[in-house]
Amino acid sequence: MTGQKIASICEQLDSSPTPRHLVDFISRQLLKAKFVDFTNKSINKSKSGFVVNAGSIVAWRTGTKTAENGFRIVGAHTDSPCLRIKQNPDDKKFGFNTLSVEIYGSPLLNSWLDRDLGIAGHVVTRSGETKLFDSHSPVARISQLAIHLDREVTEKGLVLDKQLHLTPSWSTERAAPSFAGWVAKTTKIKPIEIVHIEAQLYDTAKAAQVGVDSSLLASGRLDNQASCWAAISALLESSAGHATQVVALFDHEEVGSESATGAAGPFLEHSLEQIAASLDISRVGFLETLKKSSCISADNAHAVHPNYPERHDLANAPLINHGPALKLNSNQRYATSSKSAALFIAACKRAKVAHQVFISRNNLPCGTTIGPITATRLGIDTVDVGVPQLSMHSAREVCGVKDLLSLQLALKAFFK
Ligand code: CO
């Protein structure tokens, strides 16, 4: 079972270089499990369904007594910091054909150097259709300057100019194809049919178990595709309960969530209201249902780095493979309340998994998550939790295998 779960995590990570690829991968899993796709039709009474909204998705399994028991929601985000290909990206420089990029979110820039990079994205055609594409092989590279030409790098640290030093090279041929030409060839769509291209770089290295005990999982996009996996697989493995089980995965968290499809937009609220309506719950009944609902916002946490323990408040510092972390912040950067904390602790207990606590140092303010945003929008009691990881926002991150499996079990217990 454990081996199967790890294989399914790795399959998801390797198949999902972009939020849209992730949502596509998850949609196919849901269809296989007989969830009804309501993306292009109005939600009607159904045991389980899902709605895709670009790089975001809401999936649910209807409860037997939703009006009395509310929604049990697990939220996470589908996007990760990366380098996006700009429009009109083609350039020629000193024997190389290069592509200009735009920084998405706040990646650890150095982590994108000297990697075998693939390119994935989607095109929109004249007829308004969207088609995904993926090079599947390394087609680009951003090379670091040799130490002989940058003698101070070890002592002074690497300083990268965001406009100049992150430009990938992708061929050395004089008559190289344009980026648009390459995309047309890759998607097998005539150039004239393609109206818009959205693309990004990704590390082609596959997800891998690391350590002599194979206890670590290394991959790109663990923040936050690890939580997406835990949420969706918990939903798929659950059976119907009294409450309606919901998984809401949002794009654009890494850039503040304020978009039509982000957590600050109306996507989840509208979906919940439509699900309630399909169950013949009135508008007033819906507002009552929200009061009985709860939400777990799952997003990775910072584990203690053995080389930098001073960056944590060691009394509230999560260790790798000691259980998912409950994230607290009095200033509401995390949504966890005393009531919602108790809810998660109870779920961990029922799942027989350990949990830990993360509270940041006062002089090192923590990030935030979709938790406070959902709590603010819907007024639903929300708890922020997450798998402890290292190298957050690197092109290749690492977390504990056991923590990820424990989070999945805790989410299943929450749904039950
Ligand atoms: Co995150």
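Every number for a ligand or one of its atoms is a count from 1 in the order of the listing.
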For [X], does the [atom1] atom sit with more than 12 other heavy atoms under 6.0 Å from it, leaving out its own atoms?
X: Asn363; atom1: CG; value: yes
X: Lys402; atom1: NZ; value: no
X: Asn362; atom1: CG; value: no

Check: Using the ring of each side chain (for Trp, its six-membered ring), is Tyr104 parallel, tilted or perpendicular to His252, with breaks at 30° and 60°?
Finding: tilted

Next item on the list: Determine, for Arg28 against Asp24, whether the closest basic-nitrogen to carboxylate-oxygen distance falls under 4.0 angstrom.
Entry: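 Looking at Arg28 and Asp24, the cut-off is met.
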
Check: Is the ring centre of Phe179 less than 6.0 Å from the ring centre of Trp170?
Finding: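 That pair passes the under 6.0 Å test.
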
Check: Near the Co ion (ligand 1), meaning under 2.8 Å, how many protein N/O/S atoms are there?
Finding: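 Excluding waters, the total comes to 4.
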
